[in-house]
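I have placed the structure first, in the form of structure tokens, so that the comments after it can refer back to it.
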Amino acid sequence: MTRLRRRLLCCTCLALALSAVPAGNALVQAKETGPARPTHVVLVVLGGGVRARDMLDAKKMPKLAAMAEAGRVIDEIRAEAANGYEGVARLLTGAAAPVAGPETHPDRPTLMEYVRVGRNLPAEKVWYVSFEGEDQLRLAYSTHPAFGAGVGPAVATGMGAFGEPLKSFLDRLGRPDPQPKEAWTLLRGLRARSRGAVSSYLPEAGVPAGLPRSERMERALLEEINRRSLLVRGPAPRDERAWRAAKTVLQVHRPILTVIRLGEAEQAQKSEAQYERVLWANDAGLGRLRGWIAADRELKDRTLVVVVSELGRDATPNERGGLDQADDSEDHRELALVAFGPGFKAKKGRVKRTRRIEDVCATLGILLGVPTPHAEGEAWTPYLREAD
């Protein structure tokens with residue numbers, strides 16, 4: 001077959017493949033047709049150590065690879081952190097040495113604090129969703145005297161934004177069964193008929209009752225605390241709980257900034273095969289995330305999703321078949337970032353300069369319209385679209 005015939009055949013196959021994709025699919029829409037700046041940002045940290053080449057491998061993470069193809073990839077990001085905890089701290093603060101040791105609060109403000117202060121937002125509009133609680137939640141806010149806990153984000157972990165605070169209560173009294181889909185239609189009609197009567201029993205006249213947003217919150221709450229919510233199966237159970245908590249947060253609060261920190265990729269130290277199962281599970285989570293955003297009229301087409309790891313992994317397995325974080329390879333020290341949604345240029349060209357994980361804080365600060373004065377990283381303005 002001649003080169004020309006091969007080229008024509010490839011073009012024909014590509015055209016047929018594109019014609020098979022529904023017109024409403026966000027992955028085939030030109031990025032520049034949407035707003036130049038996002039109104040909402042979701043930052044997903046593929047914590048636990050994930051190699052850049054694995055993030056962009058369509059066989060290991062097909063949904064993320066598709067987002068990368070339709071969005072923007074920033075590669076060769078230097079990660080000089082000694083461990084994953086420090087890596088997340090560098091990512092969120094934009095500073096090279098923000099923590100004194102493992103499980104300590106950063107001494108520089110986090111992106112979440114910057115957004116709350118810069119936009120004068122309540123905690124419910126900025127969230128930190130973590131795969132693990134306790135000491136790991138120290139990364140939610142800093143000890144900086146001008147910021148700190150008072151302007152920290154709302155936090156969800158474990159059983160979620162509702163399930164975790166209610167855990168002791170539910171352990172004593174039990175959990176409800178899930179509502180079947182048919183029940184919501186009946187309840188909606190019943191509430192519409194009784195809204196006037198119900199309102200007289202509310203403590204304040206302005207308290208909404210029986211409205212769509214009330215139902216949205218009720219659905220999210222019941223999904224989180226029902227009996228089946230305790231049954232978390234699969235290769236990444238802690239990450240799965242973080243995804244569930246993120247769903248609740250997005251559905252109920254529609255935050256300006258949501259940080260989702262995962263961490264089950266640390267299983268790579270025991271088994272490369274288990275590591276790849278975790279990647280596949282979190283790729284499915286990213287697919288669900290896109291679905292939640294697309295189904296919400298406020299978030300759809302106005303939300304930027306950023307996916308990045310905090311540290312890589314060794315290039316080759318160890319003698320036990322696991323992947324450590326000990327060599328000096330590019331796989332260990334260089335990361336990739338995928339941006340999908342408004343804010344970044346779709347052009348694939350490179351910018352010839354050093355990129356660091358500390359740059360992410362300042363870059364997202366620009367997109368969210370807030371200053372990040374204590375961040376040391378350099379914002380990636382050549383990659384960003386001009387503001388409307």
Side-chain angles (χ1 to χ4, degrees), residues 43-62 64-65 68 73-104 106 130-132 135-136 139 235-236 238-239 261-283 286 306-339 350-361 376-378 380:
L43 172 61
V44 180
V45 183
L46 291 178
V50 178
R51 297 181 299 201
R53 59 184 167 101
D54 295 330
M55 286 178 58
L56 305 177
D57 189 332
K59 292 182 179 179
K60 295 177 181 177
M61 303 193 76
L64 180 55
V73 176
I74 313 295
D75 59 1
E76 299 181 11
I77 302 170
R78 296 296 295 174
E80 303 294 347
N83 52 63
Y85 191 88
E86 181 187 330
V88 177
R90 288 176 177 238
L91 172 69
L92 295 178
T93 65
V99 288
E103 290 75 52
T104 60
S130 176
F131 80 109
E132 200 168 57
D135 289 344
Q136 297 298 318
L139 290 176
R238 292 179 299 171
D239 287 354
R261 184 194 172 195
L262 309 175
E264 292 278 29
E266 66 186 12
Q267 295 184 44
Q269 294 180 341
K270 297 180 179 179
S271 165
E272 184 177 14
Q274 183 66 12
Y275 163 74
E276 292 184 357
R277 286 192 285 269
V278 170
L279 297 187
W280 186 267
N282 281 328
D283 190 65
L286 287 168
V306 176
V307 185
V308 65
S309 181
E310 88 287 46
L311 202 62
R313 287 252 161 224
D314 287 359
T316 57
N318 58 31
E319 64 278 3
R320 302 181 307 277
L323 292 169
D324 294 325
Q325 294 174 304
D327 68 8
D328 198 31
S329 66
E330 291 183 359
D331 281 319
H332 182 203
R333 293 300 179 189
E334 291 190 357
L335 311 175
L337 178 146
V338 173
R350 292 174 176 269
V351 176
K352 299 294 185 181
R353 70 183 196 189
T354 302
R355 295 176 287 268
R356 301 184 300 153
I357 195 172
E358 291 84 5
D359 299 340
V360 176
C361 179
E376 300 167 355
E378 182 180 359
W380 295 331

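Position 1 is the first residue of the sequence, and the numbers go up from there. Basis for what follows: all heavy atoms, side chains included, without hydrogens, waters or symmetry-related copies.
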Subject >> Side chain proximity check, Leu337 to Ile77, heavy atoms < 4.5 angstrom >> reply: yes
Subject >> Closest non-hydrogen atom pair between Gly47 and Ala265, with its separation >> reply: O-CB, 3.5 Å
Original post:
Looking only at atom types and distance, does a side-chain atom of Arg90 sit under 3.5 Å from a main-chain N or O of Ala96, one as donor and one as acceptor?
Top reply: yes
Original post:
Can you name the nearest heavy-atom pair linking Ile357 to Ser309, along with the distance?
Top reply: CD1-O, 3.9 Å
Subject >> Chi angles and distances behind the side-chain hydrogen bond (donor to acceptor under 3.5 Å, both in side chains) call for Gln267, Arg277 >> reply: CA-CA 10 Å; Gln267 295 184 44; Arg277 286 192 285 269; over 6 Å; no
Subject >> Note: Arg53-Asp331 ion pair, threshold 4.0 Å (strictly below) >> reply: yes
Original post:
If you measure from CZ on Arg320 to CD on Gln269, what distance do you get to the nearest 0.5 Å?
Top reply: 8.5 Å
Subject >> Sub-4.5 Å side-chain heavy-atom contact between Arg355 and Glu334 >> reply: no
Subject >> Closest non-hydrogen atom pair between Asp135 and Tyr85, with its separation >> reply: O-OH, 3.8 Å
Original post:
Is Gln274 close to Pro235 at the side-chain level, that is, under 4.5 Å between some pair of heavy atoms?
Top reply: yes
Subject >> Interatomic spacing from CD in Glu358 to CG in Leu91 - rounded to 0.5 Å >> reply: 9.0 Å
Subject >> Side chain proximity check, Pro106 to Leu92, heavy atoms < 4.5 angstrom >> reply: no
Original post:
Can you tell me how far the CD atom of Glu310 sits from the CZ atom of Arg261, to the nearest 0.5 Å?
Top reply: 7.0 Å
**OP:** Taking all heavy atoms of Gln325 and all of Leu311, pick out the closest pair and write down the distance.
**Re:** NE2-CD2, 3.5 Å
Original post:
What distance do Asn282 atom CG and Met55 atom CE have between them, rounded to the nearest 0.5 Å?
Top reply: 11.0 Å
**OP:** With salt bridge (charged side-chain N to carboxylate O under 4.0 Å, His left out) as the test, would you mind laying out the steps for Asp283 and Lys60 before giving the verdict?
**Re:** CA-CA 8 Å; Asp283 190 65; Lys60 295 177 181 177; over 6 Å; no
Subject >> Lys/Arg N to Asp/Glu carboxylate O, Arg51 vs Glu330, below 4.0 Å >> reply: no
Original post:
Closest approach of Ala336 and Val308, non-hydrogen atoms and distance?
Top reply: O-CG2, 3.6 Å
**OP:** Considering only NZ, NE, NH1 and NH2 on the basic side and carboxylate oxygens on the acidic side, decide whether Glu76 and Arg78 come within less than 4.0 Å.
**Re:** no
**OP:** Mind listing the closest non-hydrogen atom pair of Met61 and Leu279 along with its distance?
**Re:** CE-O, 3.5 Å
Original post:
Out of curiosity, Asp359 CG to Glu376 CD, how far, rounded to the nearest 0.5 Å?
Top reply: 11.0 Å
Original post:
Counting only N and O atoms by type, is there a donor-acceptor contact under 3.5 Å from the side chain of Asp239 to the main-chain atoms of Leu262?
Top reply: no
Original post:
Atom CG in Asp314, atom OG in Ser329: separation rounded to 0.5 Å?
Top reply: 6.0 Å
Original post:
Can you check whether Val73 reaches Leu56 side chain to side chain, under 4.5 Å on heavy atoms?
Top reply: yes
**OP:** Would you sort out whether Asp54 and Tyr275 count as a side-chain hydrogen bond (donor to acceptor under 3.5 Å, both in side chains), showing the intermediate values?
**Re:** CA-CA 10 Å; Asp54 295 330; Tyr275 163 74; 2.7 Å; yes
**OP:** May I ask you to say whether Asp327 pairs ionically with Arg333, meaning some side-chain N is under 4.0 Å from a carboxylate O?
**Re:** no
